[in-house]
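Read through the structure below, which is laid out as structure tokens, and then see the notes.
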Amino acid sequence: MNQSQSASFPGRDHGNHAASAADLRNEIALTRIAIIVTLVAALASAAVILRAAVTPVDAHGWVHTVAQLLFLLLVITMIYGSCVYQFTRLAYLGRLLVHRRASDEELHRVYRSDQAPAVSVLVPSYKEEPDVVRKTLLSASLQEYPNRRVVLLIDDPPHSTSAGDIAGLSATRRLPEEIQLVLHEPRQRCDKAFRAFLERQASGRLKPTEELRRLEGLYRHMGEWFDFQAAAHPIADHVDSLFVELTYRGPARRCLEQSREFAARRTAGAVPTSDQLAVAYRHLATRFQVEITTFERKRYANLSHESNKAMNLNSYIGLMGRSFRKAIASDGRWVLEATEGDRADLRVPNTDYVLMVDADSILDSEYTLRLVHLMERPGNEHVAVAQTPYSSFPHAPGILERVAGASTDIQYIIHQGVTHYGATFWVGANAIVRKCALDDIAVSAVERDYPVRKFIQDRTVIEDTESSVDLVARGWQLYNYPERLAFSATPPDFGSLLIQRRRWANGGLLILPKLLFYLGRHVTHGRRVAEGLVRCPYLTSITTANVGLLVILALPLGDRVETLWLPLAALPYYLLYARDLCRIGYPVTDVLRVYALNLLLIPVNLAGVFKSLHQACTRQKAAFGRTPKIKGKTVAPPLYLLAEYSLLAQWLFAATVEFLCGRHLRAALALLNAAFLTYAIATFIGAPRVSWHRLVPLPPFGVRRASSPVGI
């Protein structure tokens, strides 16, 4: 992102250019000190716990020893999580220090011919608000890339009887046509100007000064068009503000700056080459040359109807490069039959790359241009996935959305750091994937007696994570581009956040054996060891952190351990976490709110873990829980609310018992966590309202409606 764009969001370093080299070196030194303090305190804590474990208590001292050793294991696991954060932070800062953005001249080489690598932008959608999808489609359609097509993969039931569903589906189906209409006037103008230039070039009638004058006017007009679109778009919330900035105002500034540059060159008498003029015309013309269409897999009986995003994407990817005609099967349902020539009703072009972007995401206008340029550079032929892990939309009005978004923005740092260790995971909200890499990991399956191909595994509900392991096992690489170029929605209420985080917690344990098998084949490689040490916590940290904290607070495992080394081991992690929050524009006190939110999510995360264990035992796939993206509040199930209050009661009871037994440090820890959980319930859920039929949460006190320290 350009610095001018970043400046529109004070305090939010979206482009990562605000930090100077000296500042980054200072942060690197600070992180190294934090790591040393953590490791020293961890070793001292382990020594204290081991000494307590081997000290005899009574005839049944073995019970005490086992309890202390279990306590030590949990402490080591949680300190390990904090160390992973600190090491990935160190790696992220190091990557920023050496990162060099490709110049405009390098990026614009793709406009020197009509042979730019083709990109299919796939936007999977299921019962989304049409306004949400419209912004995503416009963001994708106006990408600065010359050879792209956008496909909206509608997964709504095609024959719904609900009036609301019918209206929503109809509105969603009309979106491509509406957007094409918006882009018609600038496309016509730019196409006409480009064709006229090509005619003058072919006839040898080019006059560079006159061409600069024409380009000056054309770019000025397009800048004014973008400005008009920005002014015409209603700003209802913080999402609209960012959408307008990235999709309209940023391109408007660049067009007007380019217009002024052409004027200056004309005044100075600088003579551009024919090639430079062609690049300038083609750059603008291709900005609006985009095909936008829809596809609905559920209309056809011989395509997968599995209710998850992976199979929605797989169904379309499996058609790429072929032509089909629509036919009626013996049971009266529509099917697609492969065909050739004029008989085809549907032609699905094959492309070099597939950009998959969620229907609630917004991309920087240079997203595709920069990532394809990266993947096309010599030496990157084995990069299968390039992405910028998504950030939250800035300036969220509700406190829950803001705090949950803060944890997402911190996860961005972790994702960027793991790339240094070759341990990148595909984050499914947005990514550019090499089509031949998808072909390489494709497997065949049968669904309802029809053959289907799976490029993205749907065995778990975190399909992108398992596909990451499939790719690296076949020798492919994944890469996180170190800039914030993609943004996605954060659930604004506890009910929808619950569905999202429960899905995120479900699947890691199921994928772990596949990851360990891959790592085991390369155990002698030193880099694979580092990769494994970073990859494994990605799959297990939700389980270990939540179970560990729950067990430590519920059972008197460390009843003879009264030491300040333990909080000292945790302190560097939280200080760095708070520092990172401040660096990306959050108040320092949000580190406490993130911690409170994590406590609130313990029952949610454990529910996801239990779903993984249930699937492992029964071999039955868990249902894909889509995060609601609708207007209005999603009510949390009463069972989860009951679990929150039960957890609070248990911690208060534990604090009382520990205090009466003289274990004051443990009593203080339990009471402190109970206070944080009380704050989280009151702020993020609200006070309960009891009725005879169900328990319904009231909106949070004084909050407009609109995860996370992992470690100790």
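Reckoned from all heavy atoms, side chains included, excluding hydrogens, waters and symmetry mates.
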Item to check | Pair Arg253 + Glu245: basic N to acidic O under 4.0 Å | outcome: yes
Checklist entry - Do NZ/NE/NH1/NH2 and the carboxylate oxygens of Arg112 and Asp275 come within less than 4.0 Å? => result yes
Item to check | Ionic contact status for Glu177 with Arg174, cut-off 4.0 Å | outcome: no
Next on the checklist: Given 3.5 Å as the limit, does a donor-acceptor pair link the side chain of Asp493 with the main chain of Ser496, or not?
Outcome noted: yes
Checklist entry - If you measure from the Lys or Arg side-chain nitrogens to the Asp or Glu carboxylate oxygens, is any gap between Arg260 and Glu216 under 4.0 Å? => result no
Checklist outcome for this item: The residue among Val182, Val121, Val290, Thr136 that forms side-chain contact (heavy atoms from CB on, under 4.5 Å) with Ser141 is Val290
Checklist entry - Within 45° of the axis and under 6.0 Å from the centre of the six-membered ring of Tyr412, does NZ or CZ of Arg484 qualify? => result yes
Checklist entry - Do Arg434 and Glu381 meet the salt-bridge criterion of a basic N to acidic O distance under 4.0 Å? => result no
Item to check | Check ion pair Arg100-Glu106 (N to O, under 4.0 angstrom) | outcome: yes
Checklist entry - Parallel under 30°, tilted from 30 to 60°, perpendicular over 60°: which one fits the rings of Tyr248 and Trp225? => result perpendicular
Next on the checklist: Looking at Arg299 and Glu296, is any side-chain nitrogen of the basic one under 4.0 Å from a carboxylate oxygen of the acidic one?
Outcome noted: yes
Checklist entry - Are Asp360 and Lys135 close enough for a salt bridge, meaning some N to O gap below 4.0 Å? => result no
Checklist entry - Any salt bridge between Arg134 and Glu178, counting N to O under 4.0 Å? => result yes
Item to check | SB check Arg282 Asp114 (cutoff 4.0 Å) | outcome: yes
